[in-house]
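Here is the naming used below: chain letters follow the sequence lines, and residue numbers restart at 1 for every chain.
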Amino acid sequence: MANRTVITGIGVVSSSGIGFDEFSKAFLNKNNCTIAQNNYKLATVKEFSIEKYLPTPKAYLDRSSQFLLAATSLAIGNAKLSTIPPETALVIGTQYGPLETEEIFYRDVIEKGPKFAKPFLFPHCYSNTGISLTAIEYNLKGTHVNIASGMTAGAEALTCAFHLIRSGRASIAIAGGYDVISPLLIKNLELTGLLNNNSFLPGEGAGIFIIENYDQAIKRNAPIKAEILDTRMATKIESAMEIAKDRNINLICLSANGMAEIDNAEQKTISKYLNAQTKTLTYSPKKIIGETFAAGGPLNLAAAICLLTANFKNYPVAALINSINETIDSVCILISLDHFS
Amino acid sequence: MRIVITGMGIVSPIGVGINAFWNSLLNGAYGIKPLSSPFLTNKFQYTQGGEINDELFMHPLKKIDKAASYMLAAAQEAFLHAKLTPSPFFPQEDIGIVLGTNFGNQTALESLMETDKGSPSTNKAIKQNISFEGCTNLIAKELGCGGPKSTLSLSCSSGAAVIAYAAFLIRMGIAPCFIAGGYDIISKFSWAGLSALKTMTTDKLRPFDKQRNGTIFSEGAAAVIIEELEHAIRRGASILAEVLGCSMNNNAFHMTAPDKNGEGMANAMQMALNDANLPPEKIEHINSHGTGTKHNDLAETLAIKQVFGKHAYNIPINSIKSMTGHMMGAAGTVEAIATILSIINGWIPPTINYEQKDPECDLDYVPNKARQQRIKVAISNSAGIGGNNSSIILGVYE
C-alpha cells in the first residue's frame, strides 16, 4: 500500500525574501528585488549571508552551493527537525550548478596557464558540488540523487522524493532545486537572445522541502504544510497534467516564464482544462520571482502553499504546480492542504 | 517487479562496439596512450590518457559536440542491440532516457568561456549544450524516444547511477523502458581540473597493486537498454541479464578526501543487497571501482571485507579501469556492461599491470589473465568526487 507523503518543512532563498515566512509576505505583496543591469532586469537575491545558516565557516563556497545550504538549513528549521536521521534521502536538482566557479577556475587555466589552476576550486566546479556539501554538512548517507534535467530538475527531484516516500524506500527526504545568476549564465542568455525578451525575467534562488511519511510526521508532531497527492513527469504538458483530471483544483501555479514555446504549450493545455473547471485560479509566480531555472518548480510549490494558505479558508484545497522546460518536458505536482493537525 | 537489460552499446578507448570491447577486455588490452592534443601534452604534467581512436570512430552527425557524438553512438548500438523499434504495440512514449555525466558537453562550455561573442552557429550549439540536458534531448530526438527524459550528474558514479535511477523510475511506473547511459570526454577544462587534483599517475594504471600511485582518466560513452521484464517478453526482446538491486548514496565525509575505512562504499553495496533481497554469500564476482589510487583501492578492499566478511576472499574482483582507464561519467555503465558480459560468457576479464601484491589489498583481483568462471550474480561498484557511490547487482536471467 502506498504511503501518504507530506511536506513538513520549507526553505526558500529568493528575490522575494529568504525563509518561507518572509517569502510569503513579500510574494503576496508582489515584492521582489529586481535590479537593472545594462538594458535588462534580473530578479536577484539581496542581503544574503551564508554565515547566518551554517554553524561553522567555510573556506570557499560557490554562490549556488550557498543558496542550497541556506535553503536546506531553513527547511530543517521550518520542519522542527531536532535530529536528522543519516538515512534521510537527499534529492536535488540544478540546471547550471556552480557556473561561476567553473569560469573562475577555467580563466586561470586559459589566461595564466595550467600551473595556476587552483586545486581547491576544482572540487567546487561539479554539478554535484552543492548536493555533496549538503550531505557532508548534515551527515546524510541515504539515497542521494543529483538531477541536472534543465529547468524541470527541481520539480523532478520533488517527484523522485515523493516516490521514495510513497513506496517506503525512505521515510524522510530533503528535496528541491537551486540555481544562481552568474556572469557566464548572463553571457549565455545574451548569446541565445533570451535577454532581449522583455517578458523573460531571469532570477535565482533555491527551494528546499522536507518530505516525510505522513504517519512518521504525525508521530513526531511535525508541522505539516501540505500533502503531495501525486506527481507526473512526461514529455508533453497534457500528459503530465492528467494527474489533475477529475479532481477539484483550486489553483494552478503556472510554469509560464515569457518563453513563447513554454507559455503557448502551457496556455493551450490550461485553456482546455479551465473550460472544465471554471473556478480554478491560475497564477504565474515567475512574474515576481523570475525564471529561477531548476529552482523554478520548487519555488512554484512554495508559492502554491503560500497562495492556498492565504486565499482559502474552507479546507481541503488543492493546487497543481507546473514545471516545463524548453523542450516541453513537463513535471506536474498535485498538492492538498487540509486540517492535518 | 523484475527488471532486465536487453541491449548494450559502447564507445571506449579499447574498442568501439560491444564485440571489440569484449575481445579487448579478454585479451588485456591497454587503452592508455600519449594524449593527441598538443595543448594537453605541452602544458600539463600528466600526458597520457584513454582517448577514443577517431579513425575507428566516425559518427555521421559530425557537427554535434564530441561528447554527444560518443553518447549517441553508444545509445544507437544499444538501441539496435535491443531491437527497440517503436510500433503500435510499443509506443515511443514507452521509451524514456536517463543519461549521466561529470562535465557534459565540454566543447560548448569551453566555447562560451573563451568566446566574447559567438557566431550564430556557435550560439546555437551553446544554447543546446551549455546545460547538461542538451545531450539527453539530442539523443532522445535522434532515437525517437518519446518517454520521460532525465539527466543526472553524480561525478564518476554517474554511469552506474543512471542504471539505478532508471530501474527506480521503471519500478515507480514512470515508463517501462529506458535508455540509460553515461559519457564524458577529455577536454581542456576537465584535464586542468583532474591534473590539479593530483590523483593521476605518470606510471601505468595498476589497480590494487602495491606500486599503484594514481589513476589515468579516459573518455567515451556507454548505454544499456533497461526494461520491465514483462515488457521485454511482450515485445520478444532477447534478455541479457537481470537487474537485481541498486543503490545510490553518499559518504557524507569530505569533498575530496577519501572515506578511508570504506564505510560509504560498504553502505552502497549493502543497500543494493537489501534492494535485491540477497545475502552477501550470493555474490560471485565484483567489478570494482578500482581506480588505481592508493586510497580508493584500499578503501574499496576494506568495504568489500566489511560487507562480505570471509566470503570476500572467495570472490574474484577485477578492475577493468586497468585497461579502459577511468572513463569518468561513462565508467559505471561501462563496468556494468563488462559485468553483464562476464555473466553471459562465463569469463572474468583481468586486472592488468598487476605485479606486486599489496598486503593491505589481499583479495583475489584476477591478476593479468582473464579467468573462465560461471557467474550467476555479480555486483558492480562506482564512486566519485563528493563522496557519491552507486552499486548495481546483476544476475543471470533465469
Side-chain angles (χ1 to χ4, degrees), chain A residues 86 90 94-97 102-103 105-107 109-110 113-115 117-119 121-129 131-133 135-136 138-150 153 156 159-160 163-164 166-167 169 184 187-188 191-193 232-235 239 293 325 327 329, chain B residues 43-44 93 101-102 104 109-110 112-114 117-118 122-124 126-127 130-134 136-137 140 146-155 161 165 168 171-172 174 188-189 192-198 247-256 264 267 271 384-389:
Chain A
L90 183 60
T94 181
Q95 180 168 11
Y96 294 105
E102 288 178 39
E103 188 177 19
F105 174 82
Y106 192 61
R107 286 230 173 275
V109 175
I110 294 300
K115 69 178 178 182
K118 294 186 176 70
L121 276 186
F122 189 63
H124 291 273
C125 291
Y126 282 75
S127 169
N128 64 280
T129 298
I131 189 175
S132 292
L133 290 167
I136 294 163
Y138 295 101
N139 193 36
L140 304 174
K141 299 178 176 181
T143 297
H144 183 93
V145 190
N146 187 56
I147 298 170
S149 308
E156 185 182 333
T159 294
C160 177
H163 283 294
L164 285 168
R166 192 171 76 155
S167 66
R169 285 174 164 77
L184 200 61
K187 188 175 172 184
N188 188 41
L191 287 174
T192 52
R232 186 166 298 174
M233 45 192 286
T235 46
S239 304
F293 308 97
N325 71 19
T327 47
D329 292 293
Chain B
K43 296 197 173 184
F44 290 92
E93 288 73 23
T101 179
N102 266 311
L109 184 65
E110 288 176 357
L112 182 63
M113 291 196 269
E114 289 173 23
K117 193 172 182 182
T122 308
N123 295 349
K124 193 180 173 197
I126 288 170
K127 185 181 177 182
I130 182 69
S131 78
F132 289 0
E133 86 280 10
T136 312
N137 290 336
K149 294 178 224 151
S150 184
T151 308
L152 303 185
S153 187
L154 284 153
S155 59
Y165 192 64
F168 171 73
R171 284 181 176 143
M172 296 304 108
I174 307 289
K188 288 182 277 188
F189 177 88
L194 297 166
S195 297
L197 290 180
K198 297 202 177 295
S247 67
M248 295 175 276
N249 78 337
N250 192 278
N251 297 340
F253 179 66
H254 193 273
M255 274 306 289
T256 51
N267 286 345
M271 285 165 75
I385 196 166
N388 307 309
N389 304 295

If you count heavy-atom pairs under 4.5 Å with chain B, which of [options] comes out on top?
{"options": "A:Pro119, A:Pro114, A:Gly142", "result": "A:Pro114"}
{"options": "A:Gly113, A:Gly150, A:Ala153, A:Ala117", "result": "A:Gly150"}
{"options": "A:Ala234, A:Pro123, A:Ser239", "result": "A:Pro123"}
{"options": "A:Ala135, A:Gly193, A:Cys160, A:Ala148", "result": "A:Ala148"}

Going by atom types alone, do [X] and [Y] pair a side-chain donor with an acceptor below 3.5 Å?
{"X": "B:Ser131", "Y": "A:Gln95", "value": "yes"}
{"X": "B:Thr151", "Y": "B:Glu133", "value": "no"}
{"X": "A:Asp329", "Y": "A:Thr327", "value": "yes"}

- Query: Is there a side chain to side chain contact (heavy atoms under 4.5 Å, CB included) between A:Glu102 and A:Leu184 once you walk through the steps?
  - Reply: CA-CA 9 Å; A:Glu102 288 178 39; A:Leu184 200 61; 5.6 Å; no
Is the backbone of [Y] close enough, under 3.5 Å, to the side chain of [X] for a donor and an acceptor to pair up by distance?
{"X": "A:Asn146", "Y": "A:Ser127", "answer": "yes"}
{"X": "A:Asn139", "Y": "A:Ile136", "answer": "no"}
{"X": "A:Thr235", "Y": "B:Gly146", "answer": "yes"}

I'd like to know which of [options] tops the heavy-atom pair count under 4.5 Å against chain A.
{"options": "B:Tyr165, B:Phe44, B:Phe168", "answer": "B:Phe168"}
{"options": "B:Ala196, B:Ser150, B:Gly193, B:Gly384", "answer": "B:Gly193"}
{"options": "B:Ile174, B:Asn249, B:Asn250", "answer": "B:Asn250"}
{"options": "B:Gly264, B:Ser247, B:Gly386", "answer": "B:Gly386"}

- Query: If you measure from CZ on A:Arg107 to CD on B:Glu114, what distance do you get to the nearest 0.5 Å?
  - Reply: 9.0 Å
- Nearest-0.5 Å distance that lies between atom NZ in A:Lys187 and atom CE in B:Met113: 9.0 Å
Select one option (side chain, backbone, both, neither) describing which atoms of [X] are under 4.5 Å from chain A's heavy atoms.
{"X": "B:Ser155", "answer": "both"}
{"X": "B:Lys198", "answer": "neither"}
{"X": "B:Phe189", "answer": "both"}
{"X": "B:Ser195", "answer": "neither"}
{"X": "B:Asn389", "answer": "neither"}
{"X": "B:Leu152", "answer": "both"}
{"X": "B:Ala192", "answer": "both"}

Which atoms of [X] come close to chain B, meaning under 4.5 Å heavy atom to heavy atom: side chain ones, backbone ones, both, or neither?
{"X": "A:Val145", "result": "both"}
{"X": "A:Ile147", "result": "both"}
{"X": "A:Arg169", "result": "side chain"}
{"X": "A:Ser167", "result": "side chain"}
{"X": "A:Leu164", "result": "both"}

- Sequence neighbours left out, what passes side-chain contact (heavy atoms from CB on, under 4.5 Å) with B:Glu93? Give chain and number order. A:Lys236, B:Pro91
- With sequence neighbours excluded, tell me which residues meet side-chain contact (heavy atoms from CB on, under 4.5 Å) with A:Leu121. A:Tyr60, A:Thr101, A:Ile104, A:Phe105, A:Lys118
- Would you mind reporting whether B:Met271 and A:Thr143 have side-chain heavy atoms less than 4.5 Å apart? yes
